[in-house]
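Here is the structure we will look at, set down as structure tokens.
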Amino acid sequence: MKPSAESELVLPESFLMGAATSAHQVEGNNVSSDWWALENSSDTFVTEPSGDAADSFHRWPEDMDLLRDLGFNAYRFSIEWARIEPERGRVSKAAVAHYRAMVRGALERGLTPVVTLHHFTSPRWFGEHGGWAAPDAAELFAAYTRTALDVLRAGVRHVATINEPNMVALMYAIRRHAAEHGWSGAAGAGENGAAAGGLGAVEPAADITQSLIRAHRAASTVLKAADLGLQVGWTVANQVYQAEPGARRTADAYARPREDVFLEAAREDDWIGVQAYTRHLIGPGGPLPVPEGAETTLTGWEFYPEALGEAVRHTARLLPGIPILVTENGIATGDDERRIAYTARALASLADAMRDGIDVRGYLHWSALDNYEWGTYRPTFGLIAVDPRTFARTPKQSAHWLGALARSRRIPGAPAGVPALRLG
Ligand code: BGC
């Protein structure tokens, strides 16, 4: 196995280096969304509602100023279907204008906008209609996408249709499971954690997987037909399933419905979004807990930065020739030095994959701001701290460090003591 290379990697001018957020997690008061309804219902796993979040709905110019000043050249954010179409067929012109202003605002600051159309939240009416289980879900999403073209026309090139469809389909399965067994069995099963927790046997709902793939294709058709030169993709949660000895087949079978099927659905796309945080060990009997004694983060995930390089390699194997954008990578920690250590190693593993010829076009750190982590504010992923009372923003040391790297267009070699790359 090749050890991590030691020399630095010089990035091309066009390489996107920035940070990411999603609307619901930072905007605040996303009152027409299904998530808002879930957070404020009594039958929920949510421990804390999103409320005002980081108030980025009003403070986005300040957020973008900070990202520019730190040295970044890209910002990934999502536009909110629940604001754009708060009631079925009723478009809010004000919401469209709001997001157009954000796109223009990013461009004016020299930040390339990478825009996600759907990041976990849907309008409440869509949820009540059956959500992704509704037979016409793909057409409804395509209709919203048609409306969203007015936002994209303001100067967007990179569009992601749906964020982590594999996690969306998994969440449906978890909700169905909870409907039968109650939320206590599903508590804490948020997103990436679900595979490692007690719900390891739950797999994405197959009907939802198919519906999301149909929706992605329908939306891509709309986006391409608009002839705006849009580069279309979607973003997948890469779980980095590592097979223990004798568990290769089990790991492959485990990965298929949870990840690979979603990657393969991107074969016709312009790019694929890789989102990696940690690894998941698979034994002959299925998923294993985090190894004893391993450092864990505020989400309970193993501190395993090399997940990024491995995720990129796995994705490139399944999608040869499709350019990769790292659309999320980061760590929930209250110790900013660990954030720097994690990100340095993650970037070194990425650089190593790029040196081996994998076509990576950008790195967008999750997250620009401390934000609402789907049920709680406790896990802090941000490069920039946000005071929950005053909403004052304070860039952390990690933000200055990563911004300086972005400015230098260089990824340093692997820090000392980094273990050799292990491919499962
Ligand atoms: C999601 C983000 C989330 C992050 C950390 C991804 O699953 O796209 O919305 O905050 O990972 O859990």
Side-chain angles (χ1 to χ4, degrees), residues 11 15-30 50-80 98-116 119 151 154-156 158 325-340 342-344 346-347 362-373 377 379-411:
L11 299 166
F15 194 85
L16 301 180
M17 192 83 169
T21 58
S22 88
H24 188 78
Q25 293 177 271
V26 298
E27 285 182 344
N29 299 298
N30 188 14
S50 55
D52 286 319
D55 192 30
S56 286
F57 190 78
H58 301 106
R59 292 167 203 260
W60 65 263
E62 187 185 343
D63 297 340
M64 292 190 194
D65 283 351
L66 283 170
L67 293 174
R68 175 205 53 207
D69 293 347
L70 285 163
F72 296 116
N73 69 3
Y75 180 36
R76 172 181 178 226
F77 58 90
S78 74
I79 63 174
E80 184 57 58
H98 172 87
Y99 291 119
R100 282 180 66 82
M102 280 186 74
V103 169
R104 278 197 302 264
L107 293 169
E108 280 159 17
R109 291 167 176 82
L111 297 168
T112 296
V114 176
V115 174
T116 311
H119 194 123
V151 175
V156 174
H158 302 86
L325 268 183
V326 175
T327 37
E328 289 184 25
N329 168 250
I331 174 175
T333 178
D335 178 348
D336 200 45
E337 280 181 21
R338 295 313 285 152
R339 190 180 332 279
I340 295 176
Y342 174 93
T343 310
L347 284 171
Y363 173 87
L364 298 154
H365 190 84
W366 186 271
S367 176
L369 305 170
D370 283 343
N371 63 39
Y372 184 61
E373 178 56 24
Y377 279 99
T380 41
F381 278 93
L383 294 169
I384 300 170
V386 179
D387 183 310
R389 285 174 311 278
T390 62
F391 306 109
R393 273 81 166 130
T394 311
K396 303 176 189 175
Q397 216 28 57
S398 54
H400 295 291
W401 169 81
L402 192 58
L405 278 193
R407 220 176 241 130
S408 74
R409 303 211 153 280
R410 279 171 164 73
I411 299 180

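Bear in mind that the values here come from a model prediction, so they are computed numbers and not experimental data.
Distance check, rounded to the nearest 0.5 Å: NE2 of H365 to OG1 of T343 gives 4.5 Å. Remark: L364 CG to R76 CZ distance equals 7.5 Å, nearest 0.5 Å. Rounded to the nearest 0.5 angstrom, E108 CD and M64 CE are separated by 9.5 Å. Taken to the nearest 0.5 Å, the OH atom of Y363 stands 13.0 Å off from the CG atom of L325. Note: Q397 CD to E337 CD = 9.0 Å, rounded to the nearest 0.5 Å. Between the CD1 atom of I384 and the CG atom of L66 there is a distance of 4.5 Å, given to the nearest 0.5 Å.
Between L70 and R407 the shortest heavy-atom distance is O-NH1, 3.6 Å. Scanning all heavy atoms of the two residues, the minimum distance from Y75 to A368 falls at CE1-CB, 4.3 Å. Of all the heavy atoms in A344 and W401, the pair that sits closest is N-CH2, 3.5 Å. Scanning all heavy atoms of the two residues, the minimum distance from A23 to S78 falls at N-OG, 2.7 Å. Heavy-atom minimum distance, D370 versus G382: OD1-N, 2.8 Å. Y99 approaches E27 most closely through the heavy-atom pair OH-OE2, 2.6 Å.
Between H98 and F57, the ring planes lie parallel to each other; the angle is under 30°, not in the 30° to 60° tilted range. Under the 30°/60° scheme for interplanar angles, the aromatic rings of W366 and H119 are found to lie parallel.
Of the residues D65, D63, D387, the one that meets the side chain to side chain contact (heavy atoms under 4.5 Å, CB included) test with R393 is D63.
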Would you please test N329 and Y342 for side chain to side chain donor-acceptor pair (under 3.5 Å) and show each step?
CA-CA 10 Å; N329 168 250; Y342 174 93; 3.2 Å; yes
Can you check side-chain contact (heavy atoms from CB on, under 4.5 Å) on R410 and L405, steps first, answer last?
CA-CA 6 Å; R410 279 171 164 73; L405 278 193; 5.6 Å; no
Might you work through the salt bridge (charged side-chain N to carboxylate O under 4.0 Å, His left out) test for R59 and D52, ending with a clear yes or no?
CA-CA 11 Å; R59 292 167 203 260; D52 286 319; over 6 Å; no
List the steps and the verdict of side-chain contact (heavy atoms from CB on, under 4.5 Å) for L402 and F72.
CA-CA 8 Å; L402 192 58; F72 296 116; 3.8 Å; yes
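Between F77 and V115, some side-chain heavy-atom pair lies under the 4.5 Å cut-off. Counting heavy atoms from C-beta on, the side chains of N73 and T112 never come closer than 4.5 Å. A 4.5 Å side-chain heavy-atom check between S56 and T21 finds every atom pair outside the cut-off. Inter-residue side-chain proximity for S50 and H24 is flagged as met; some heavy-atom pair is nearer than 4.5 Å. Within the 4.5 Å cutoff, side-chain heavy atoms of L383 are placed close to those of R339.
In this structure, D335 contributes its side chain and T333 its backbone to no donor-acceptor pair below 3.5 Å. Under a 3.5 Å cut-off, the side chain of Y377 and the backbone N or O of A53 do form a donor-acceptor pair. Looking at T380, its side chain never comes within 3.5 Å of a backbone N or O of A332 through a donor-acceptor pair.
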